[in-house]
Chemist: 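Below is one structure. I have some questions about it.
Numbering starts at 1 and runs along the sequence shown. Since the structure is predicted, the reported quantities are computational estimates derived from the model, not experimental observations.
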Amino acid sequence: MPEYAALKELSNVADVLHSVRTARGLSQSDICSASGMGSATVSRLESNFDYYSDALVRHLGAYAAALGYTLRFVLVHDSASAPNAGTVWQADHDREQTT
């Protein structure tokens, strides 16, 4: 199920952000202050979520920004389902790159 795979990737992003926060010795309150999000939102992002929403992506972006990161999406060609493997599209550059 493609939507499950996308949700799993977002969950992986949340896990990495949590790891960065704790490695830097920052609290959830620090993230709340830097991002403008409420404590319930930050807590929810750090726990396992099983839903997708536009707000989820916005909140992950705000969390990333609070840590000095930018959330970007990269579209990678799936060679198992189509013949032109090795093509990568990056939304932030809006250009094609061949790997």
Side-chain angles (χ1 to χ4, degrees):
M1 292 171 37
E3 59 277 355
Y4 175 75
L7 190 58
K8 179 66 176 156
E9 290 296 321
L10 291 174
S11 179
N12 290 342
V13 168
D15 291 344
V16 169
L17 292 172
H18 175 259
S19 295
V20 170
R21 176 183 69 76
T22 57
R24 291 184 181 177
L26 299 172
S27 68
Q28 285 185 345
S29 294
D30 295 327
I31 297 301
C32 292
S33 296
S35 68
M37 292 186 292
S39 60
T41 300
V42 172
S43 179
R44 191 170 37 245
L45 288 174
E46 291 188 355
S47 64
N48 290 331
F49 45 82
D50 58 357
Y51 65 93
Y52 169 83
S53 70
D54 293 341
L56 171 63
V57 175
R58 280 194 316 274
H59 292 148
L60 283 173
Y63 193 135
L67 292 170
Y69 289 87
T70 299
L71 182 63
R72 295 184 181 173
F73 294 94
V74 177
L75 181 64
V76 179
H77 190 269
D78 183 0
S79 61
S81 64
N84 296 324
T87 302
V88 177
W89 285 89
Q90 292 185 329
D92 60 317
H93 295 292
D94 197 10
R95 61 185 165 90
E96 185 176 358
Q97 296 179 348
T98 303
T99 57

Chemist: Less than 4.5 Å apart, any side-chain heavy atom of V13 and any of Y63?
Modeler: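 No, their side chains stay 4.5 Å or more apart.
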
Chemist: Can you tell me how far apart OG (S47) and CG (D15) are? Round to the nearest 0.5 Å.
Modeler: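 Reported value, rounded in 0.5 Å steps: 10.0 Å.
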
Chemist: Would S33 and D30 count as having a side-chain donor-acceptor pair, cut-off 3.5 Å?
Modeler: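 The answer is no; no qualifying pair exists.
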
Chemist: Measure the spacing between CZ of F73 and CG of L10 and express it to the nearest 0.5 Å.
Modeler: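 Spacing of CZ (F73) from CG (L10) equals 6.0 Å.
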
Chemist: Supply the atom-to-atom distance L67 CG to H18 NE2, rounded to the nearest 0.5 angstrom.
Modeler: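 Rounded to the nearest 0.5 Å, the CG-NE2 separation comes out at 11.0 Å.
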
Chemist: At what distance, to the nearest 0.5 angstrom, does CD of E46 lie from OG of S19?
Modeler: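 Output value for this atom pair is 9.0 Å.
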
Chemist: From L60 CG over to S35 OG, what is the distance, rounded to the nearest 0.5 angstrom?
Modeler: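 That separation rounds to 11.0 Å.
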
Chemist: Under the criterion side-chain contact (heavy atoms from CB on, under 4.5 Å), I'd like the reasoning laid out for L56 against L7: C-alpha separation, chi angles, the key distance, then a yes or no.
Modeler: CA-CA 10 Å; L56 171 63; L7 190 58; 4.3 Å; yes

Chemist: Check whether any side-chain heavy atom of L45 sits under 4.5 Å from a side-chain heavy atom of M37, and report yes or no.
Modeler: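 L45 vs M37: side chains touch.
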
Chemist: Could you state the interatomic distance from OG1 (T22) to CD (Q28), rounded to the nearest 0.5 Å?
Modeler: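 Here the interatomic distance stands at 10.5 Å.
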
Chemist: Test side-chain contact (heavy atoms from CB on, under 4.5 Å) on I31 and L17; report intermediate values, then the result.
Modeler: CA-CA 10 Å; I31 297 301; L17 292 172; over 6 Å; no

